[in-house]
A.B. asks: 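Following this message is one structure expressed as structure tokens.
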Amino acid sequence: MNAQRTSVAVIGGGLGGLAAACVAAAREHKVTLYDKNAWIGGKAAVLHEDGFRFDMGPTILTVPRVLERIFAEAGRNLSDYLDLVRLDPQWRCFFDDGTRIDLQENIDAMAEAMDRFAPGKNAGEGYKRFQEISAHLHDISNRFFFWKPVEDLFDTINIRANMNPATLRDVLSLRMGSSVAGTIRSKVKDERLAQMLDHFTQYVGSSPYGSPAVLCAIAHMQAADGVWYPMGGTRAVAEALAKLAGELGATFQTDSDVASLRIENGAVTGIVLASGEVVPYDNVISNMDSIRTYRELVGGEVGEHYARKDFEPACSGVVLYLGLNKRYDHILHHDFVFSRDPEEEFDFIYRRGEPAPDPTCYLAAPSATDPSVAPEGGEALYVLVHTPYLRPHHDWSQMFPAYRQVIIDKLKRTAGMSDIEERIVVERHLTPQDIHDRYKVLNGAIYGLASHGKFMGAFKPGNRSRQVRGLYLAGGAAHPGPGMPMVMMSGWIAADALDADGKVENLRNVS
């Protein structure tokens, strides 16, 4: 029996909360997971409608090593719980000038394709140099940022212990002061190809013009570890994690909204449910948005401190779930239908705070990989367009019909889907307001907090609360940030920090 076994409440059953529950339970803590909704999985929900099945939230799975590590905590093999299919090409890209190119996993093959796509621009060699930078940033991220609770630069580097030339070189090579867009364009001179590479930052809901260059590491993660589809959809990931947590003894309380934390002498002692019931716990892992956790669940001076901090919500989005009676053969499982002008697009979304007039559309068309998503010959088409997070004047009940038409017209014009409206037999949607109401996120932000700021934009609230003992944070608004693998890593980090703190406390008690 684990000597430091404690009772742990996990607030929020998204992928970060589920990962935290699995790891904490594997370390023999007594775990109860609470979710305000009737289902477990958070944004990784599923929509069934007239024979179509749609993943409602994330659809691109990268870096499966994170999942493998979570299952390994319990001595289990991921392959016994999930059937993962590798996708290559990874995306198909449609540009406003009518050209298209596929993003391939193999760097040399992709470089050759780029040279054919943009002859005379040395784009292939530029892409290889970009990937070298990306690989180096990935290596530094692994050593300084990943798998540890981080809130700022001082959590990553012990200046006194690491004041040596090698560490200083690593800090300098983080390219602090440079943006993702600037780093890409210094190597890849074709604007269309640069636009394709910019969109790795869309995994974290941020502008490539405002994001720090360290986020270029995402490009190497995807080239090295691939893009994967879990058979059954992303929902299958949530179900696999929930199954593992249950096997390890975790229990689930759905339709249970946590209203606040009970805090005594600066330490968590339990949770207070919306019903008024107080439930004692030794520790709490919150998978709710980190800023809302501090503002709403902690409150007081700590909540005011985080309310004053200059954290910006990431973008939100409009999602269309379109059941088509006939699939399009010219689109791949994943596709990007790019805007005519990325600077204009990101300026509207991130600076003006208004929907872009000509947006980039991300498409997931999974029927070729997984025929079970649609009736035979049909398609469960998922369309995501990023929008600003909610502003006070945004009324999406009024804005949606016109913006839906902007999206449909874009697909007709740029993606070769001129008859899409005739093929739609089922249609549902989410707006930023729906996302805000459905999940406890900040101002409808899909990806937590924006990664803006060329120097410190990669940092999020840490996984171990500095203000409240026994409170740990997971999810896209906590370190290391949004995107499926990072969110699940945040759950592992939160549970690992909780476990490590328990061991330290036990040693103190023994001595």
Side-chain angles (χ1 to χ4, degrees), residues 54-55 57-60 87 89-104 110 113-114 117-118 181 184 190-203 205-208 222 227 229 315-324 326-350 355-369 379-388 400 402-424 427 429-431 446:
F54 301 92
D55 276 324
T59 58
I60 298 179
L87 302 178
Q90 297 177 335
W91 309 332
R92 177 158 288 170
C93 303
F94 296 86
F95 298 100
D96 197 60
D97 64 359
T99 58
R100 67 177 70 168
I101 191 172
D102 293 345
L103 179 64
Q104 300 175 57
M110 188 70 241
M114 286 180 162
F117 180 80
I184 290 169
D190 183 86
E191 185 55 40
R192 297 162 301 175
L193 297 175
Q195 189 177 15
M196 174 181 74
L197 299 175
D198 278 344
H199 267 67
F200 287 117
T201 60
Q202 295 305 279
Y203 289 162
S206 302
S207 167
Q222 185 159 311
V227 168
Y229 175 77
C315 68
S316 189
V318 168
V319 190
L320 305 182
Y321 307 100
L322 305 178
L324 308 183
K326 184 181 179 184
R327 74 176 310 271
Y328 286 98
D329 293 329
H330 70 284
I331 63 175
L332 296 184
H333 189 123
H334 297 300
D335 307 85
F336 280 98
V337 183
F338 284 110
S339 65
R340 66 187 173 224
D341 182 342
E343 290 192 55
E344 175 193 69
E345 177 186 17
F346 292 123
D347 182 66
F348 266 88
I349 297 171
Y350 296 102
D358 185 67
T360 292
C361 304
Y362 160 70
L363 311 180
S367 67
T369 309
E379 182 64 80
L381 186 67
Y382 169 110
V383 184
L384 168 65
V385 169
H386 283 161
T387 66
F400 173 75
Y403 206 59
R404 173 200 177 274
Q405 196 59 50
V406 169
I407 295 168
I408 293 295
D409 290 345
K410 177 68 178 177
L411 297 181
K412 290 179 177 180
R413 185 173 65 252
T414 309
M417 304 168 79
S418 59
D419 63 343
I420 186 169
E421 289 184 284
E422 288 77 61
R423 299 194 190 195
I424 297 171
E427 180 169 353
H429 68 268
L430 289 179
T431 69
I446 301 174

A.B. asks: Does some side-chain heavy atom of Cys93 sit less than 4.5 Å from a side-chain heavy atom of Gln195?
C.D. replies: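 Side-chain contact under 4.5 Å: no.
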A.B. asks: Do Phe338 and His199 have side-chain heavy atoms sitting under 4.5 Å apart?
C.D. replies: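 SC-SC contact between Phe338 and His199 confirmed.
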A.B. asks: Within a strict 4.5 Å, meaning less than it, do heavy atoms of the Leu324 and Ile424 side chains meet?
C.D. replies: yes
A.B. asks: Take Thr414 and Arg100, measure what side chain to side chain contact (heavy atoms under 4.5 Å, CB included) needs, and give me the verdict at the end.
C.D. replies: CA-CA 10 Å; Thr414 309; Arg100 67 177 70 168; over 6 Å; no
A.B. asks: For Ser207 and Thr201, which heavy atoms make the closest approach, and how far apart are they?
C.D. replies: C-OG1, 4.3 Å
A.B. asks: To the nearest 0.5 Å, what is the distance between CG (Leu193) and CE (Met110)?
C.D. replies: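 Those atoms lie 7.0 Å apart.
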A.B. asks: If you take all heavy atoms of Trp91 and Met196, which pair is closest and at what distance?
C.D. replies: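 Scanning both residues, the minimum pair turns out to be CZ3-O, 3.5 Å.
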A.B. asks: Determine whether the side chains of His386 and Tyr362 contain a donor N or O and an acceptor N or O closer than 3.5 Å.
C.D. replies: no
A.B. asks: Report yes if the side chains of Met417 and Leu363 come closer than 4.5 Å at any heavy-atom pair, otherwise no.
C.D. replies: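 SC-SC contact between Met417 and Leu363 confirmed.
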A.B. asks: Can you name the ring-ring contact (aromatic ring centres under 6.0 Å, His included) partners of Tyr328, sequence neighbours left out?
C.D. replies: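 Partners of Tyr328 under the ring-ring contact (aromatic ring centres under 6.0 Å, His included) test: His330.
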A.B. asks: Indicate yes or no: at least one non-hydrogen side-chain atom of Leu332 is less than 4.5 angstrom from one of Pro89.
C.D. replies: yes
A.B. asks: About how many Å separate NE2 of His334 and CD1 of Ile60, when rounded to the nearest 0.5 Å?
C.D. replies: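 If I round to the nearest 0.5 Å, the distance is 5.0 Å.
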A.B. asks: Just so I know, are the side chains of Glu379 and Pro366 near enough to count as touching, which here means a heavy-atom distance under 4.5 Å?
C.D. replies: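 They are in side-chain contact.
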A.B. asks: How far apart are the C-alpha atoms of Thr387 and Ile349, what are their side-chain angles, what is the distance that settles it, and do they pass the side chain to side chain contact (heavy atoms under 4.5 Å, CB included) test?
C.D. replies: CA-CA 6 Å; Thr387 66; Ile349 297 171; 5.9 Å; no
A.B. asks: For a 4.5 angstrom cut-off between non-hydrogen side-chain atoms, does Cys315 reach Ser206?
C.D. replies: no
A.B. asks: So with a 6.0 Å cut-off around NZ of Lys326, is the heavy-atom count from everything else above 12?
C.D. replies: no
A.B. asks: About how many Å separate CZ of Phe54 and OH of Tyr382, when rounded to the nearest 0.5 Å?
C.D. replies: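 If we round to the nearest 0.5 Å, Tyr382:OH and Phe54:CZ are 11.5 Å apart.
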A.B. asks: Find the distance between OH (Tyr321) and CG (Asp55) and round it off to the nearest 0.5 Å.
C.D. replies: 9.0 Å
A.B. asks: To the nearest 0.5 Å, what is the distance between CZ on Phe94 and CZ on Arg192?
C.D. replies: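 Answer rounded to 0.5 Å: 14.5 Å.
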A.B. asks: Which atoms form the tightest heavy-atom contact between Ile446 and Ser316, and what is the distance?
C.D. replies: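 Answer, listing the atom of Ile446 first, then Ser316: CD1-C, 3.6 Å.
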A.B. asks: If the test is side chain to side chain contact (heavy atoms under 4.5 Å, CB included), which one of Asp358, Val385, Val383, Thr360 qualifies with Lys410?
C.D. replies: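 With Lys410 as partner, side chain to side chain contact (heavy atoms under 4.5 Å, CB included) holds for just one option, Asp358.
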A.B. asks: When rounded to the nearest 0.5 angstrom, what is the spacing between CG in Leu103 and CD in Gln222?
C.D. replies: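 It comes to 6.0 Å.
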A.B. asks: Excluding sequence neighbours, so at least two apart, what forms ring-ring contact (aromatic ring centres under 6.0 Å, His included) with Phe400?
C.D. replies: His429
A.B. asks: Would you check, one step at a time, whether the test side chain to side chain contact (heavy atoms under 4.5 Å, CB included) holds for Met114 with Asp190?
C.D. replies: CA-CA 9 Å; Met114 286 180 162; Asp190 183 86; over 6 Å; no
A.B. asks: Applying side chain to side chain contact (heavy atoms under 4.5 Å, CB included), run through Ile408 and Lys412 and close with a yes or a no.
C.D. replies: CA-CA 6 Å; Ile408 293 295; Lys412 290 179 177 180; 3.8 Å; yes
A.B. asks: Would you mind reporting whether Arg340 and Pro357 have side-chain heavy atoms less than 4.5 Å apart?
C.D. replies: yes
A.B. asks: Could you list the residues that satisfy side chain to side chain donor-acceptor pair (under 3.5 Å) with Asp329, not counting sequence neighbours?
C.D. replies: Arg327
A.B. asks: Donor-acceptor pair, Asp341 side chain versus Glu343 backbone, under 3.5 Å?
C.D. replies: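 Checking the backbone N and O of Glu343 against the side chain of Asp341, a donor-acceptor pair under 3.5 Å is found.
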